[in-house]
Amino acid sequence: MDYQFKEIEEKWQQFWADNQTFKAEDNSTKPKYYVLDMFPYPSGAGLHVGHPLGYIASDIFSRYKRLKGFNVLHPMGYDSFGLPAEQYAIQTGQHPAITTEANIATYRRQLDQIGFSFDWSREVRTSEPSYYKWTQWIFMKLFNSWYNVENDKAEDISTLIEKFNISGTADVKAVCDDDVKSFMPTDWANFTEEERQEELLKYRLTYLRESTVNWCLALGTVLANDEVKDGFSERGGFPVEQKKMMQWSMRITAYADRLLQGLDTIDWPEPIKEMQRNWIGKSVGASVKFKVESLKSKASTLNFELLTDNFIEVFTTRVDTIFGVSYLVLAPEHELVAGLTTPEQKQAVEDYISKTKKKSELDRMADTKTVSGAFTGSYVINPVSGERVPLWIADYVLAGYGTGAVMGVPSGDQRDWLFAAHFNLPIVQILDGQKDIDVQADSTKDGKYINSGFINGLTYKEAVPFLNNWLEEHDAGKAKVNFRQRDAVFGRQRYWGEPIPVYFKDGLPYLVKEEELPLILPEIDKYLPTETGEPPLARAEGWAPKDGEHYELSTMPGWAGSSWYWYRYMDANNDSDFVSKEAVDYWKAVDLYIGGSEHATGHLLYSRFWNKFLKDLGYTKEEEPFKKLINQGMIQGRSNFVYRLAIQSFANEQEGDILPPLKKSIFVSKGFVKQIEDNSNSEIQSQIFSILDKETKLIKDLNPSLIGKYIFTGNILPLHVDVNIAENEILDLTKFKAWREEYANAEFILESGKYICGVEVEKMSKSKFNVVNPDDLIERYGADTLRMYEMFLGPLEQSKPWNTNGIEGVFKFLRKFWRLFHNEEWTFHVNDSIPTKAELKTLHKIIKKVQDDIERFSFNTSVSSFMIAVNELTDLKCKSRQVLEDMVVILSPYAPHICEELWVKLGNQAGSLSYTAFPIFNPEHLVEDEFAYPVSINGKMKMNLNLSLTLAQPEVEAILFADEQFAKYLDGKEPKKIIFVKGKIINVVL
RNA sequence: GCUCGGAUGGUGGAACUGGUAGACACGCAGGACUUAAAAUCCUGUGCCCUCAACAGGCGUGCGGGUUCGAUUCCCGCUCCGAGUACCA
């Protein structure tokens, strides 16, 4: 029978499901391999053709690894908490669990029909209590932990309490809040329970603290930094503002250095690593204290007490330039600004602050050219030189970074230079290596210091440690490392997320008991905040802790459930642990992770953080969770356009009713659009006229009293047309007329009898009619064709527009492959003949090629090679069972359904294909004894010469000079040099 | 601005360590089969010159360099895409 993909694919998908063919073994002597796809959020729109790209690649890889003798873990599940289902719930009242369930069903159906080899017995859903129980459990572990800098790892909070008991805060080196108290063990002993809890909260790895957060009014929730793009929420694009709120946060900053260092140990794409490095933003430098000059004599109204011993701390990466400081700048929001402003400058400073406030976050970011600022009237003292330095405020200093204060060194920093030039502040050269500092700043580190007091004559390398020591000795600063990364806000004022397992007593948070987990998400009547502005969970009736006042009303953010899910897959149905020790010992970490680069600074950073934390507590083994990461490229949409002529009714006459607007649309094929626009094709012009004349006449015949005629205005409107009704840019006119009622009687001006559509690359979206659905393609060509075509499209990591043109080629290939196993009458037919040399050569070429390609994730090139192999075997009329059976195994990771079918027809047991052995490459079959040497003259290829590969240069030269054709090229000249590379090339230099 | 990608026929792309540029596929053109169409099969297809063949010239974004030889390595530039942005 001809290749019946539908029947074959349904049959094998059913077989795999019934037999749990892809269930990974828990106890195996085989080496393990863990292939993971990024956790999908089951959206209502289902999968479009871009989504499965990465899944197909990881599936090919998984199937290949099984054939190579690995015990492969290849799971799938759903990150099923999230905003879209909740937004939908708000609009419709539908419980998000119901929407989510329905969406998951769609996803599952779509995934199944592509033929993925997932181990569905391990499916997880983050919104299931059996799953989020463990997300809550990890939260509790974080709450009960602190970061001990001495051991550079997280430890149970009890070890901190012990330190407090024995020596107070003296021995504690922790990553903690800035406002922790210093105390003696006796003080600790005298603290009340509330005081102790309050203090411990400042050390916990997840903590509650009043902090500035990104508040999104439209979504009614706070957002993490990575969820905000250019001042708008990433989901929905709503404005985001800064607000002070009591919030749960995760002390990810404790891990900043380890997160940074770990990047050097993992095989990830460089751009992703770079994004994480930038996000963490480590700067090595120094903090320096500038004492504030006493203002006693000048301003009697100021608070002297506050100021006398006050200082401003700045962070700098160029402490060596400190003698070049000509001013200091505070962020306008800095808390000291008000106190340090002199009465004379009060007006100017307040004006500036109110001007800054009016600027939106976005304006402030966009406007980086204009220099602005205001003088506070105060001075600070440069600790190294004792000089008075004026204190300014300016919005180029960000309150959120470093200390919110900057020392201005105009000669070394362009931004400072512009500021100084604008406000006439001194620009002092500090290195003899600096050039042209009257034109612009020179940030060089070359040369020796000048105008720099006690570091004059030193080099950069000498000056930095010297200054750091000096500052520390004089209590004026010290070497310091600063990070851009902030702690991650962890609470969301939303319903559809994991409840935070915390209740409150006397205003302090306490964990619920571990036995009470999971803390189930309660039912509520409406998915909206309460009238008093509390989160939706405040609506839950009777939802109260046994002890204490109320539960935490925020829920966890979207990234909570996805920050540890790869461990759950190792042991998905464990009721007593989030994952068993045995499972972790065996599976360890993800070997290959495939997903989009949009998770670079969110999921991929948080996951690494939780992973390190779980390792610190001894629950897991690996410092890094994802050993190798591949980013599949984005599939963009490819829109098709039709071009409608803009037609008007026009009349010269005064009397009578003018023609009604033309009901008929006239479309002109792409090739004529430009010609019409520049009036260069009179034939088309007259064609348009005659159509319009005909229409005019038609209407006037019906109603002779009408006046005027239809004319073409000269404008052409490009309109999106559904990509599914055009093929290879040729519009299917029948389908197009049926597409929209108003086009039923449309007219077309065709080129060579065809209507050619325009093309543009855009985002894939419904409104642009460029969404291609895998279901339709599977219906028409089958899953095996879709799988291979998605790979054939180009390199996995490259972004590209989807284009269905060409899928026929892959489909034809599979038919041709099927035909290899059949005779003219489509009867299955192979024989037991001994393979010929040529057949073996083809076979071993493809064995090697596919093996090499898969291991370097070059799936597109193996598809081409399969085509070549099948073309060759077809030409050789190969019917050898031995060769064809190996072909089935090699192709099976790519096109599993057709291969399963042929495998059984070849006499093998159903289902055994997935675990058979990948054919072993034997290089002997590729050994050639002849080679058609390209002969080039001066590097330009001229001819081929068939020579034995055993020949060395002298023999080759002899044959070459005896060659007639070559003599022609030589044209009597004497070669200067002959380069001979065995098996590669002969190049003659004339 | 900075960082990271990328640029090869009409199209998607191949050429893995410098060694025959354009594999494979789409599209297009011509042919076979057919009453016809679809499907299938065969042939051709980088550009220019040429009726055609032979032969030749030009060709991997642009300009240089290294080399017997460069899509591949080096220097400078242009354009496109992604990320990031007063980070002190």
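Naming: A, B, ... by sequence-line order, numbering from 1 per chain.
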Partner nucleotide of B/C2 by Watson-Crick or wobble geometry (both distances under 3.5 Å): B/G83

Partner nucleotide, any strand, of B/C28 [Watson-Crick/G-U, under 3.5 Å]: B/G44

Phosphate OP1/OP2 of B/A85: any A/R484 side-chain N/O under 4.0 Å: yes

Centroid-centroid under 6.0 Å between A/Y396 and A/F419 rings: yes

N or O in side chain of A/N871 less than 4.0 angstrom from B/A25 OP1/OP2: yes

Qualifying residue, where the test is side chain to side chain contact (heavy atoms under 4.5 Å, CB included) with A/W392 and the options are A/T376, A/L425, A/L328: A/L425

Between B/U20 and B/U71 - C1' atom distance, rounded Å: 14 Å

Nearest heavy-atom neighbours spanning A/L330 and A/H334: CD2-CD2, 3.9 Å

Heavy-atom pair of closest approach, residues A/I985 and A/S936: CD1-OG, 3.6 Å

Under 4.0 angstrom between A/R415 side-chain N/O and B/C87 OP1 or OP2: yes

N or O in side chain of A/S283 less than 4.0 angstrom from B/A88 OP1/OP2: yes

Any A/N803 side-chain nitrogen or oxygen under 4.0 Å from OP1 or OP2 of B/U11: no

Polar pair under 3.5 Å, donor/acceptor by atom type, side chain A/N805, base B/C26: no

